[in-house]
Visitor: 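One structure is given below, represented as structure tokens, and several questions about it will come after.
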Amino acid sequence: MINRRKQSNSPGESAPPPERGFENIEMTERMLRDMAPTMIGGEMLLVTETGRIVFANRLFCERLGYTTEEIRRVPITEIDRSMSRGAWLSTYVSLRKSGRMVGGVTEHHAKNGSVLRKRMTCGLVTVEGSHFVLCVGDMLENAPTQDGRDSGSHATSKNDSDFTFREQALMAAVSDAVLIVNEKGEVMEANNAALRLFDQHRAEIIGRSCTDSRWRLADERGNALRISEHPIMIALVSECAVTGVRVAHMLPGGSHKVLAVNVQPLIDTERRLRGAVAVFREVGPSGQAGKDREARGLLEAADAIYRALACATTREEIERRVCEILTGSAGYSLAWFGDRAANDLRIHPTTSAGPGADFLLKVKLRYDDTPQGDTSIGLCVKSGKAQTVRDTQHDRSFVPWKKQAEQCGIRSLLCLPLVVDGVVTGLFSVGSPEVDAFDEGETALLGEIAAAALNARLSVESRRKIRDLEEQATLRQVVLDAVFDTSDEAVCVFESMEPFRCTAANAAFTRMLDEPFRTTGVRDFYLSDFVFAHRQSDLFERVSEAAEKGEPVSGEFETHSDEGRPLRAVWSLIPVKSGRSVGSIVYRCAIRQPAAVERLAEEIPEPGETVNEIPIARPFTAGFVKLEAPTPSIRARKEKRAELLFDQGKVTSMDPIACRLLGIDPRRPVRNRPAGEILPRSEIFRERVLEAFSAKGKRTAFECTTTHGTAPCRCTVSVEPTSSSKTIVTVRLEPS
């Protein structure tokens, strides 16, 4: 980093220790070349904002007669004596604000007293986190004499736009509009005040004549200003200063503002005219010039806001840009957005900017019936109308916050409601350091800015919601596609108009078809093409009925499996409306097993169902019974088991599968019921199971015959004692 200790300007004092990073001259020079590749010249100089030289390459030192150690003891004001310490600091500030490189012709004083004329280009660079001015240049072609003068004629500039550091400092230091022209009257440079005054971009004004009609200059009577009457041309022709000349600047709306112009010709040491400096200042009726400037500043701010809103992507960015621009270029002391709370009567600031932003931290923003809620801010939210405080120090409604407003420099305030669908959702407020700052036109323009910001915010939020909905829709579609493809339920989608083209069908639907449609599928086929290959013989008539009624249709039909077993199918047709008409029809069909033994599989719940705990009782050893469904159901349901737990003959819990297998209504409490009533309705089976429980510690197995519903079943009972006092009895039911 750069050594920031105070440096002595006396050549007699010892040199400061070299800064880290600048000891190697070749490496430092190569690094600086990379930073400013467009700057041309052999000499290189790196200077701080105070004018202290921290680096100079060998060519610069040799031409001035200094060593690399001595040059660090000499300030830039000693080498370029036309620059004072204040002028150099002003130049540094100007370079930092503009971010551009500037060039010009200057004179450097060598160690032996000679003067060398050089063309130098200066720009701001950052080295290891610190800012420096980098100067690059070379000597002019004519060699200097011992007294510092050129031996030949005066060396002319290759570019008439060159100007000295003193002229740059002038343009940066004054608030008036400044133009620098060459001897032909062409504009070579203009400060920001001049660009705002003439409402032009820099590229549009540089290089054009000062008498161009686009500047809209006229005499005091409103007539176009002739060349012979133009104050800059008068100064160039007469080579004398022109002061106090008044001209009119015509505005687009037909009005005008009066300008006072002072022009000073630029004459070099050889008494040659090099150009002129013109300074424009607004004058005119009392207060009118200030009003025009304020209106122009607000219009420029509004234009910048509209451009920013077009590029903003978040609500925070929208509000921040609006507040920063209004408190920056428009000169307001405070601009802020606030939200109306949904669960209380407070107003919550979301974004604020400006020197008076601390005001929001010192007051309680409410819209209730308290003194704080009856201020202009609260009334704006309650009434939904704009509220204006002409003077915060004398307005009765602003008494609770009078002291805070004075401390924050807020003398007038404008509050604008933000209304969405007839509901006030918040407000936008602007504060000014001037009394009665918001006239009718300014209020209307700020209202348009608030409305534009609100619309931009709603648009951004809508786009975000659309993106979220699209993501959710995509996720749901992925899930639906997976279920559609893997479901055991047959699903097919038809168009609503005859002959009912099939637009989608899953694999379960094709299994209900005969060949060749089972292999090829039926997508993009018409129902009339494959209706006779489908197991439901009246499908075409049912689809026609659903399309005509526009309402769901459902029913059942009997069919057979590929092995010839009887099956029962439950189907439904669901019309899907597009607007007021039916766009498509969805067909759903689920195959059921009607046989008494196989009906048990329907009653077994799917995995994940809630287990109901039902307490019961019986006077014998603690344990539990596992019941297995008949063999066909085991294949259909992947071998599900039911569990019945009891202790001392009273049942303590029973899951839904056990309830189905044993014919018990799961909604009825069965606590303290004897286990003999819960087991299958067979005296032999019940006695053998009770015997198994009574045979403690013995492993045994036996078979018996019982009935389940109306179906005869063969039961295989196995007894497995455990290390604890409990016994596991497994009962397997198989069709006999």
Side-chain angles (χ1 to χ4, degrees), residues 298-330 332 334-354 356-357 359-361 363-368 373 376-387 413-431 438 442-480 578-579:
L298 183 57
L299 288 173
E300 293 178 352
D303 184 55
I305 288 173
Y306 295 147
R307 291 197 300 268
L309 294 181
C311 304
T313 57
T314 62
R315 171 181 175 175
E316 292 75 15
E317 184 180 0
I318 291 170
E319 295 181 352
R320 177 178 56 82
R321 293 294 295 140
V322 171
C323 294
E324 288 178 352
I325 293 173
L326 288 177
T327 55
S329 58
Y332 293 108
L334 172 64
W336 64 283
F337 286 86
D339 274 352
R340 178 182 183 178
N343 53 356
D344 58 21
L345 298 177
R346 290 180 296 174
I347 301 172
H348 300 276
T350 56
T351 307
S352 62
F359 172 78
L360 302 175
L361 303 176
V363 299
K364 295 180 180 179
L365 302 172
R366 307 183 65 85
Y367 59 97
D368 52 14
S376 58
I377 296 176
L379 292 175
C380 176
V381 174
K382 288 189 287 187
S383 65
K385 298 180 180 179
Q387 302 291 327
L413 190 73
L414 174 65
C415 300
L416 300 166
L418 302 178
V419 182
V420 179
D421 296 333
V423 178
V424 179
T425 60
L427 80 160
F428 172 61
S429 181
V430 180
F438 302 100
E442 191 165 350
T443 301
L445 183 54
L446 288 172
E448 294 177 1
I449 293 174
L454 177 61
N455 291 334
R457 192 188 79 185
L458 294 176
S459 177
V460 167
E461 293 175 350
S462 298
R463 291 197 297 269
R464 179 180 57 80
K465 291 180 180 178
I466 290 173
R467 288 195 300 269
D468 293 343
L469 291 175
E470 289 177 348
E471 292 178 0
Q472 295 177 9
T474 302
L475 178 60
R476 290 178 179 175
Q477 188 61 45
V478 171
V479 175
L480 288 174
S578 177

Visitor: Do W336 and L326 touch side chain to side chain, with heavy atoms closer than 4.5 Å?
Guide: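 No, side chains not in contact.
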Visitor: Over all heavy atoms of both residues, which pair between C415 and I377 is shortest? Give the atoms and the distance, please.
Guide: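 Nearest pair, atom of C415 first, then I377: SG-CG1, 3.7 Å.
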Visitor: Once you round to the nearest 0.5 Å, how far does CZ of R321 lie from OG1 of T351?
Guide: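 These two atoms lie 13.0 Å from each other.
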Visitor: Could you go through L298 and Y332, starting from their C-alpha distance and side-chain angles, then the distance that decides it, and tell me whether this counts as side-chain contact (heavy atoms from CB on, under 4.5 Å)?
Guide: CA-CA 10 Å; L298 183 57; Y332 293 108; 3.8 Å; yes
Visitor: What's the separation between atom NZ in K385 and atom CG in L416, rounded to the nearest 0.5 Å?
Guide: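 Atom-to-atom, K385:NZ and L416:CG are 14.5 Å apart.
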Visitor: Residues two or more places apart in sequence or in another chain: which of them pass side-chain hydrogen bond (donor to acceptor under 3.5 Å, both in side chains) with E317?
Guide: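 E317 satisfies side-chain hydrogen bond (donor to acceptor under 3.5 Å, both in side chains) with T313 only.
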Visitor: If you define the side chain from C-beta out and look only at heavy atoms, does anything of F337 sit under 4.5 Å from L418?
Guide: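 The answer is yes, as the side chains (C-beta and beyond) meet within the 4.5 Å cut-off.
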Visitor: If you look only at pairs with a residue in residues 460-473, which of them pass as a side-chain hydrogen bond (donor to acceptor under 3.5 Å, both in side chains), with sequence neighbours excluded?
Guide: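 Qualifying pairs: S459-R463.
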Visitor: Identify which one of I347, T425, V381, L345 satisfies the side chain to side chain contact (heavy atoms under 4.5 Å, CB included) criterion when paired with R340.
Guide: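 Of the listed options, the one satisfying the test is V381.
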Visitor: Taking it one step at a time, do E442 and L414 satisfy side-chain contact (heavy atoms from CB on, under 4.5 Å)?
Guide: CA-CA 10 Å; E442 191 165 350; L414 174 65; over 6 Å; no
Visitor: Any non-hydrogen side-chain atom of L299 less than 4.5 Å from a side-chain atom of L445?
Guide: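 Of all side-chain heavy-atom pairs linking L445 with L299, at least one is under 4.5 Å.
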Visitor: How many angstroms lie between atom CZ of F428 and atom CG of L454, to the nearest 0.5 angstrom?
Guide: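 Between F428 CZ and L454 CG, I get 11.5 Å after rounding to 0.5 Å.
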Visitor: Of all the heavy-atom pairs spanning V460 and R315, show the shortest one and how long it is.
Guide: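 Result for this residue pair: CG1-N, 4.2 Å.
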Visitor: So, for S352 and L360, which heavy atoms are closest and what is the spacing to 0.1 Å?
Guide: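 Reported closest heavy-atom pair: CB-CD1, 3.6 Å.
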Visitor: Please give me the minimum heavy-atom distance between T327 and A353, naming the atom from each residue.
Guide: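 So the two residues come closest at CG2-O, 3.4 Å.
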Visitor: For K382 and D368, work out which heavy atoms get closest and say how close.
Guide: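 Reported closest heavy-atom pair: NZ-O, 2.9 Å.
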Visitor: If every non-hydrogen atom of L309 is compared with every non-hydrogen atom of A453, which pair is closest and at what distance?
Guide: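 Minimum heavy-atom contact is CD1-N, 3.8 Å.
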